[in-house]
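These notes concern the structure reproduced below.
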Amino acid sequence: MADYNFREIEKKWQAYWEKSQTFNAQPDPNKAKFYVLDMFPYPSGAGLHVGHPLGYIASDIVSRFKRLQGYNVLHPMGYDSFGLPAEQYAIQTGQHPALTTEENINRYTQQLKNIGFAFDWEKELRTSDPSYYKWTQWIFMQLFDSYYDKKEDKAKSVDELIEAFKTSGTASVQAICDDDTPSFSAEEWNNFSEKQQQEILLHYRLTYLAETTVNWCAELGTVLSNDEVKDGFSERGGHPVVRKKMMQWSMRITAYAERLLQGLEKLDWSEPIKEMQRNWIGKSLGAEMVFKVKGQDAHIKVFTTRIDTIYGVTYLALAPENELVEQLVTSEQENTVSDYIQTAKNRSERERMTDVKTISGAFTGSYAVNPFNQEEIPIWVADYVLAGYGTGAVMAVPAHDERDYNFAKHFGLEIRQVIEGNMEEGSFPGKGGTIMNSGFLTGLPMQEAMNSAISFLEEKQIGKGKIQYRMRDAIFTRQRYWGEPLPVYFKDGMPYLIDKKDLPLVLPEVDKYLPTEDGAPPLGRAKNWNYKTADGEYPLELSTMPGWAGSSWYFFRYMDPKNADELVDKDIQNYWEAVDLYIGGSEHATGHLLYSRFWTKFLYDRGLVNVEEPFKKMINQGMIQGRSNFVYRIKGTNQFVSYHLKGAHETTAMHVDVNMVYNDQLDLDQFRKWRNDLADATFILEEGKYICGAEVEKMSKSKYNIVNPDDVIERYGADTLRLYEMFLGPLEQFKPWNTNGIDGVFKFLKKLWRLYHDQDANPSVSDEAPSPEELKTLHKAIKKAEEDLKDYSFNTSVSNFMICVNELTALKCNKRAILEPLAVIISPYAPHIAEELWSLMGHKQSIVEASYPAFNPAFLVEDVHEYPVSINGKVRVKLPLSVSLSKEEIEALAMENEIVQRWLEGKTPKKVIVVPKKIVNIVL
RNA sequence: GCGGAUGUGGCGAAAUUGGUAGACGCACUAGACUUAGGAUCUAGCGCCGCGAGGCAUGGGGGUUCGAGUCCCUCCAUCCGCACCA
C-alpha cells in the first residue's frame, strides 16, 4: 500500500545511482559514443535558482535517451571556479576565495544531485584546482612557444622559426606577426643579443607581451576584454571603463580569424549565434593603399572597401589618436588641432559612441596626393575615424558615404560624384552602379573597377588588395588575485617561461586581495614571488589569467580529468573526440564560444587533439526570467487591496515574496508573518481572496522573485520540477518562471503511478496480451517521443506522455507489455519514478540498462478513417474510407457517394485532390 | 541605423511537405464522489449568435480549390552589433 511518495523514491534512487556509479563512462571501442555537455556554472554565493537547471535537464534527457539507445554517453559536470565575485567577497570579508568557492561548490553539487542528474561525478573538475590549472598554464606555454605559419596555415613551434631566422633571416618566413616587426638577414639575427632576439620573437608568439590599448576599469582595478565591456561599462558591476595603454599579455586570436570564420559553416549551431560570431570577426574585403603627403616625407596608409570610388576622394581623415597627426599639423593649424584633440580625448569613450550625431574635426593644414590623379586633397582630423580599426585613417568619398557626406557638408568640402545615379539629399548611389568621372575606371561596373584599381596599386607598389578583420587580439591578463598565475618570469626585462617540471605554478598566499600601494596587482603582495633558475632568482609575472582561460579547454579535460602527465590521454581523446551536443546560454556567443574554438584549433595544429572544432552541435536554452508579484497598499494605511479592486484607491505597489503566492493568490498568514510591520495588516479581498499583480522581471533577491529548486523539489519532487521546466515552453525561448500549471505535471505523475497500481495502491501489472488499442496508444507515444527528441521539442514530448497516460487510464490498462516500455520512454524525463516503477515490476537492474523500445508502425494503422469530403475547400461530409485504398480508389469512392453526387448536380469536377489521411477535396 | 528573432484563446502553448487551427496543461463553469483534499472522476470551455450559421492565428494585400504555414508590405516587442571606412 503506497501512494506516490516522491521524497522517498527520489532519495532512494539518487543514493543508488551514486553507490553503483551508474553514470560512470569509460571509452569502449565496441560502442558508439555520445558526448553531451552543459556550460559549466560559476558557483556563485546565491546558489542555484530555478533557471539554472533548465539546460541541464534538457541535456540530461538527451544523455539518458542516448544511453537507452545503446550509446556510450559522457555527461560530466564541473565548476568554472575562478572569478570576480569570490574575490570581491574576499576583499570585503578577508575570507580566502578558495574557501568561499569550496562552500559554494558544495552547495551547488548538493542542489544538482537533488535534481537527479545523470552526471558522471567521477569526472568533476574545477578550474581553480591546481591539478587542473596546471594544464591551463601548460597550454599557455605551448602558445608562447608557437607562431602562426601562413604557408601551412597552422601554428608551429617557435623553434622552427628560430631555425629559419638562423639560416635565412626573415626572407623565407611567412608568418603572422605585428605590423612593426623588423626584417633582418640571417647574419643580423645571429649577431643580435639574447634580449633583441627575444624581443623580436614576441612579435610572432601566439601569446605575447606588448603595449596595448586596453579597457581599463578603475573600480575593479583590472583590464577587461572587449566582450566583458558593454556600452563603455563593465559587464560585471556596471563600472565605467576607459581606454588606456598598458603592457599586457595578449592572445593572437586574429591569426585564426579566417579559420574561425570558415569553421562556422560546418557547425550545427543556431544561425543567430553563428551570425554573431561572423559580426564579431567582422571580415571585410577591400584594399589598403598609401597616400604621400605633399612636401613631407610622410605616408598615410588607409583601408577602404570601395577602392572603385578612389576618384571621388576629396579629403583624408585621421583618427585623433593617430601618431601621424603631430607630424602633419602645420604651425598655423597647431592650436586648432591640439585643442580639437584635447576635446576629443576628454569626451569619454561612451559619449563618443552614443553621440554620433555631432560632427567635429579639424584641418591639419597639410595635403596628401591622390596617386591616381595627382590631385592634392586636404588632411583632416576627425573623431568619427576610429584608431582601433583598419589603419586609423580613411579616404573620404563624400558623394558615396553617409558619414563622409555629413562631414564634408558640415565643413564645406567638395562632394564629387563618381558613380552614376540619382544624387539627391541623403541618397547615395552605392553598390552596383557604373563608375563615372574616374579616369581609366570610367564606365566600369563596381567589381571590375575595384579589380583594375587594385592592379594599379600593386603595379605602382603603393597598395594591395586586403582583408580586414574587426576582431582584435584578446587581452589575456587581469590585475586580480583569484585566477591562474602566468607561468612566466622576467629576466633583463624579457619574459621567459618557467620550467615545465615546476608546473603548476600555485597561486601564492597574500595578506590582502587588493592592489599594492604602488598600484601593482595583488600578487605583488606575495612573499618571494620569484623564480629560481640556475643563474639566479627572477621576479614572476604579477597578473593572472582572465576567467575564460580555464573554460576554453575544459571539455577535453572531462575526458580524462585525473591525468597527471597529460592534459588528456591521446587514446581517450581520440575516442570521445569532441562534444556532440553542447547546451548553454547564447550570452557566450562572442566570448567563451569563440575562445574555445580558437584554443581547440591551436591544440589541433600542435597535434595535441584530433578535432578542430570543440562543439559539433549547440542548443541555446532561453533564460528563465522571474515573475514578480505585487501587493497594493492603500496610501497612508496598512490596508492592502486586491489587484482588481485597486482602481478605486490610491495605492503603492510593493514587491511580495513569490514563495507566499500560489496562482497569484496571496497566503495572508504567511504575509502577516513576513515582516513585523505587516503583522496587523488588513485586506480588501475579492471573492474572499487576495489576488496579487504580476510582472516579468529579471530574477533577483531585491525583487523577491527568486524560486529555489530545492523548494519546488520539497513540494512536488525532482521529477515534477524536471517535467515542468520542460513543459514550460520551447527550450530556446526566453520565458518567465510561473508555477501556475505545475500541478498539471504533478497530477500526471500521480496518474502514471496509479497505472502501475491497483485500487488499493498495491503494485499490479498483468501479463495479459495487450489490445490493439493499447498498443496503438503506446506506439504513438514511442514515435512522438523519438521525433520530439530529434528536434529537442521537450515540451511537446511531455504533453505527449500526458495524452498517452490519459488514454491508458481510460482503457484501464495495466498490462506489462504496455507499462514496461512506457516506463522506459518516460525515464529520461522523470528518472526517479521510472526507476521505482521498473523495480516494482520485478526488474533487478536499473532502468538505465534497459533499451529504448522499438517503434512498430503496424500498430498505428487504423482500419477505417473518417475522411472529410469537401467541395472547393468547404467541408461538407465525412465518409468512412479504408486507409489501405490507393489515392485513385479513394477518389473514385468519394465521387460515387450518393451525397457527393447530389452536390455535384451533374457538374464535372476540374480535379479531385486527395491529401493522404486528411481530406478529399473536389474542385469545381 | 544594420543584423537576427518573435507575434495564435483569460494564460503557458500545439499544429510533418500548405490540408478539419487551438493538441496537452493551467485557470474557469457545472456535476459526481468523499475519511473535506492544494484529492479524484465526468462534462463544458476561441469570439459573436437561442439556433442554423458567421468570424477568428499582429494589420493590410497577394498566390492557391485550400494559408498560422509561401510571397509583398506595414506595425509591435525582444535580442545582438553599432561612426568598421
Side-chain angles (χ1 to χ4, degrees), chain A residues 3 230-231 270-276 278-280 282-284 286 302-307 309 317 319 352-359 382-386 388-397 400-404 406-407 468-471 586-587 589-590 622-623 662-665 694 715-716 723-724 727-730 732-736 738-748 750-751 754 787 791 793 795-804 806 809-810 866-868 870-875 878 909-924:
Chain A
D3 272 334
K230 292 262 176 288
D231 299 330
S270 76
E271 199 45 47
I273 297 281
K274 288 204 217 177
E275 195 59 30
M276 278 162 79
R278 278 187 209 110
N279 290 341
W280 188 261
K283 181 183 184 175
S284 37
V302 301
F303 173 75
T304 176
T305 53
R306 296 301 304 275
I307 192 70
T309 61
R352 217 171 126 175
M353 277 197 292
T354 5
D355 179 23
V356 295
K357 294 261 149 51
T358 315
I359 296 159
D383 72 354
Y384 80 85
V385 182
L386 303 174
Y389 182 75
T391 60
V394 303
M395 52 172 245
V397 186
H400 304 293
D401 180 278
E402 193 174 346
R403 291 153 310 173
D404 296 346
N406 291 337
F407 191 85
Q468 185 73 41
Y469 298 95
R470 192 184 79 99
M471 184 169 65
S586 55
E587 64 272 20
T590 50
M623 214 190 299
Y662 309 112
N663 290 340
D664 285 342
Q665 187 186 340
R715 205 178 158 78
Y716 295 101
L723 279 166
Y724 189 59
F727 185 70
L728 215 48
E732 311 207 48
Q733 205 166 294
F734 280 63
K735 54 209 165 234
N738 181 355
T739 34
N740 294 353
I742 196 164
D743 289 321
V745 291
F746 187 51
K747 244 186 252 178
F748 156 73
K750 285 195 279 193
K751 274 190 206 168
R754 263 181 258 129
E787 280 172 0
D791 45 335
S793 311
N795 53 329
T796 53
S797 240
V798 178
S799 297
N800 173 47
F801 293 138
M802 290 180 178
I803 295 169
C804 181
N806 284 347
T809 304
E866 289 268 290
Y867 273 70
S870 71
I871 303 237
N872 282 346
K874 301 270 181 191
V875 177
K878 287 182 179 176
K910 273 195 217 144
K911 54 180 168 176
V912 178
I913 302 159
V914 179
V915 181
K917 290 189 192 172
K918 289 287 182 183
I919 194 165
V920 180
N921 188 27
I922 297 166
V923 182
L924 290 181

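Keep in mind the model is a prediction, meaning the values are calculated, not measured. Protein chains get the first letters and strands the later ones, always in sequence-line order, with residue 1 at the start of each.
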Assign [X] to base, sugar-phosphate, or nothing according to its heavy-atom contacts below 4.0 angstrom with the strands shown.
| X | answer |
| --- | --- |
| A:Asn800 | nothing |
| A:Gln468 | nothing |
| A:Pro736 | nothing |
| A:Lys751 | sugar-phosphate |
| A:Asp404 | nothing |
| A:Arg278 | nothing |

If you check the [X] side chain, which of [options] turns out closest?
| X | options | answer |
| --- | --- | --- |
| A:Asn740 | B:A13, B:G12, B:C26 | B:C26 |
| A:Tyr384 | B:A82, B:G25, B:C83 | B:C83 |
| A:Lys750 | B:G3, B:G38, B:A39 | B:A39 |
| A:Phe727 | B:G3, B:A85, B:G12 | B:G12 |
| A:Leu386 | B:A23, B:G25, B:A85 | B:A85 |
| A:Pro730 | B:C26, B:A13, B:A85 | B:A13 |
| A:Lys747 | B:C26, B:A85, B:C24 | B:C26 |

Within the 3.5 Å criterion, strictly below it, is a donor on A:Thr739 or A:Tyr716 matched to an acceptor on the partner's side chain? no

Nucleotide forming a Watson-Crick or wobble pair with [N], both distances under 3.5 Å:
| N | value |
| --- | --- |
| B:G12 | B:C24 |
| B:G66 | none |
| B:C78 | B:G4 |

If I take atom CE in residue A:Met395 and atom P in nucleotide B:C83, what distance separates them, rounded to the nearest angstrom? 20 Å

Specify the residue among A:Glu787 and A:Ile742 whose closest nucleotide of RNA chain B lies further upstream toward the 5′ end. A:Glu787

By nearest heavy atom, map A:Gly388 and A:Tyr716 onto RNA chain B; which one lands nearer the 5' end?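 Per heavy-atom nearest nucleotide, the more 5' residue is A:Tyr716.
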
Out of the candidates A:Asp401, A:Asp404, A:Thr309, only one should pair with A:Met395 under the side-chain contact (heavy atoms from CB on, under 4.5 Å) rule; please name it.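 Among A:Asp401, A:Asp404, A:Thr309, the one meeting side-chain contact (heavy atoms from CB on, under 4.5 Å) with A:Met395 is A:Thr309.
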
So, is [X] near the phosphate of [N], with a side-chain N or O under 4.0 Å from OP1 or OP2?
| X | N | answer |
| --- | --- | --- |
| A:Tyr389 | B:C83 | no |
| A:Asn738 | B:C26 | no |
| A:Ser284 | B:A85 | yes |

[N] to [M] separation - [atom1] atoms, rounded to the nearest Å:
| N | M | atom1 | result |
| --- | --- | --- | --- |
| B:U63 | B:G80 | P | 40 Å |
| B:G61 | B:C11 | C1' | 32 Å |
| B:G22 | B:U57 | P | 14 Å |
| B:U20 | B:U69 | P | 14 Å |
| B:U42 | B:U77 | C1' | 42 Å |
| B:C72 | B:G4 | P | 13 Å |
| B:A5 | B:G10 | P | 29 Å |
| B:A52 | B:G58 | P | 28 Å |

Does any non-hydrogen side-chain atom of A:Phe746 lie less than 4.5 Å from one of A:Lys750?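 Sidechains of A:Phe746 and A:Lys750: in contact.
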
How long is the gap from CD1 on A:Ile359 to CG on A:Asp383, to the nearest 0.5 Å?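 Atom-to-atom, A:Ile359:CD1 and A:Asp383:CG are 10.5 Å apart.
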
For B:G59, does the O4'-C1'-N9-C4 (purine) or O4'-C1'-N1-C2 (pyrimidine) torsion place it in syn, i.e. within 90° of 0, or in anti?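 This nucleotide is in anti.
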
Taking the six-membered ring for Trp, are A:Phe748 and A:Phe801 parallel (under 30°), tilted (30 to 60°) or perpendicular (over 60°)? parallel

